[in-house]
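Written below as structure tokens is the structure these notes are about.
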Amino acid sequence: MFIEQFITGIMNRKTQIKLTEQFVRDKVAGFDSGHDWWHVARVRNLALYINEREAIADPFILEIAALLHDIADSKFSGEDSERPFSDIRHFLSGSGMEGLSDQVIEVIANVSFSNKKPSGNVKDPVLLILQDADRLDAIGAIGIARAFNYGGFRNRPLYIPDSDNSVINPSTISHFYDKLLKLRDMMNTPTGRTIAQERHDFLEKFLRQFFKEWTFAI
Ligand code: ADP
Ligand code: NI
């Protein structure tokens, strides 16, 4: 009896993950390529990879939270910033995951590094790992690709020489100094720090080469 229940539990979880994947694929279909399904897939797998080494979070809750982490982002929710959260709550309860709802919603509300008002359990291991995974996807080669993609979307210059004010004169290179180069020191876990170091080194290598090539402009 116990084994049967155990097997049913595992099967349900697999199904619940598939249902969540489908829910997220539908939601992110119109998002920019910095927040598309592939970003979600990378963050999910990075989060699970970190947790395999750290073993601090429930892997199932982590996976569900990672899949859902960007769909309530204020950038995509327009006027009604609570709407995505009620959609998520509705989805979770309709998929037999009502019990995870409060934790998952608190984690994804806190995960964005642009979130200035963290609240609730800011030490939840699910949050700590997911935050590392999301930040890691903003650095390294993919982070560079996402940054220039975002800059293109906002029609920003690649770089503005002699600018010392990135608020008045934003460029994609200024974003490296405003945010990307700071992420390595914001990691929550040792595994996150190890991966961040390699990706940070790559950002620095990229910038050295960028400025070397830029000398032809002056
Ligand atoms: P999150 O992953 O928390 O949703 P953001 O939405 O802030 O993060 O950023 C998504 C991607 O766009 C990241 O790779 C980030 O570096 C990039 N990005 C955000 N703001 C800028 C900017 N001003 N210039 C260049 N890239 C940016
Ligand atoms: Ni994200």
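Atoms considered below: every heavy atom in the structure, side chains included; atoms not considered: hydrogens, waters and symmetry mates. Counting starts at 1 for both ligands and their atoms, following the listed order.
- Only the side chain of D134 comes within 4.0 Å of ligand 1, judged by heavy-atom distances.
- Between T172 and ligand 1, no pair of N/O atoms sits closer than 3.5 Å.
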Which atom pairs, donor and acceptor, lie under 3.5 Å between side-chain atoms of residues 155-165 and protein residues at least two apart or in another chain?
| residue | atom | partner | partner atom | Å |
| --- | --- | --- | --- | --- |
| S163 | OG | N165 | N | 3.4 |
| N165 | OD1 | V167 | N | 2.9 |
| N165 | OD1 | I168 | N | 3.1 |

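- Geometrically, R89 does not engage F85 in a cation-pi contact, judged by NZ or CZ lying under 6.0 Å from the ring centre and within 45° of the ring axis.
- Near the Ni ion (ligand 2), less than 2.8 Å away, sit the protein N, O or S atoms H39 NE2, H69 NE2, D70 OD2, D134 OD1.
- Within a 6.0 Å sphere centred on CZ of F202, other residues, nucleotides and ligands contribute 12 heavy atoms or fewer.
- With a heavy-atom cut-off of 4.0 Å, L180 touches ligand 1 through its side chain alone.
- Counting heavy atoms under 4.0 Å from ligand 1, residue D70 touches it through the side chain alone.
- An N or O contact shorter than 3.5 Å is missing between D137 and ligand 1 by distance.
- Applying the side-chain hydrogen bond (donor to acceptor under 3.5 Å, both in side chains) test to R42 and every residue at least two apart in sequence or in another chain returns D137.
- Counting heavy atoms under 4.0 Å from ligand 1, residue H35 touches it through the side chain alone.
- Of all non-hydrogen atoms in L136 and R199, the two that sit nearest each other are O-NH1, 2.9 Å.
- Under the 4.0 angstrom criterion for non-hydrogen atoms, K179 is in contact with ligand 1.
- Remark: R13 does not engage E63 in a salt bridge, criterion side-chain N to carboxylate O under 4.0 Å.
- Between D201 and K205 there is no salt bridge, since none of the side-chain N atoms of the basic residue sits less than 4.0 Å from a carboxylate O of the acidic one.
- When the side-chain hydrogen bond (donor to acceptor under 3.5 Å, both in side chains) test is applied to E213, the partners found at least two apart in sequence or on another chain are Q209.
- In this structure the side chain of H69 never reaches within 4.5 angstrom of the side chain of V107, judged on heavy atoms.
- Formation of a donor-acceptor pair under 3.5 Å by the T194 side chain with backbone atoms of P190 is found in this model.
- Closest to atom 22 (C) of ligand 1 by heavy atom, among H69, R154, H39, H175, is H175.
- For ligand 1, the polar-atom distance check finds an N/O of R156 within less than 3.5 Å of one of the ligand's N/O atoms.
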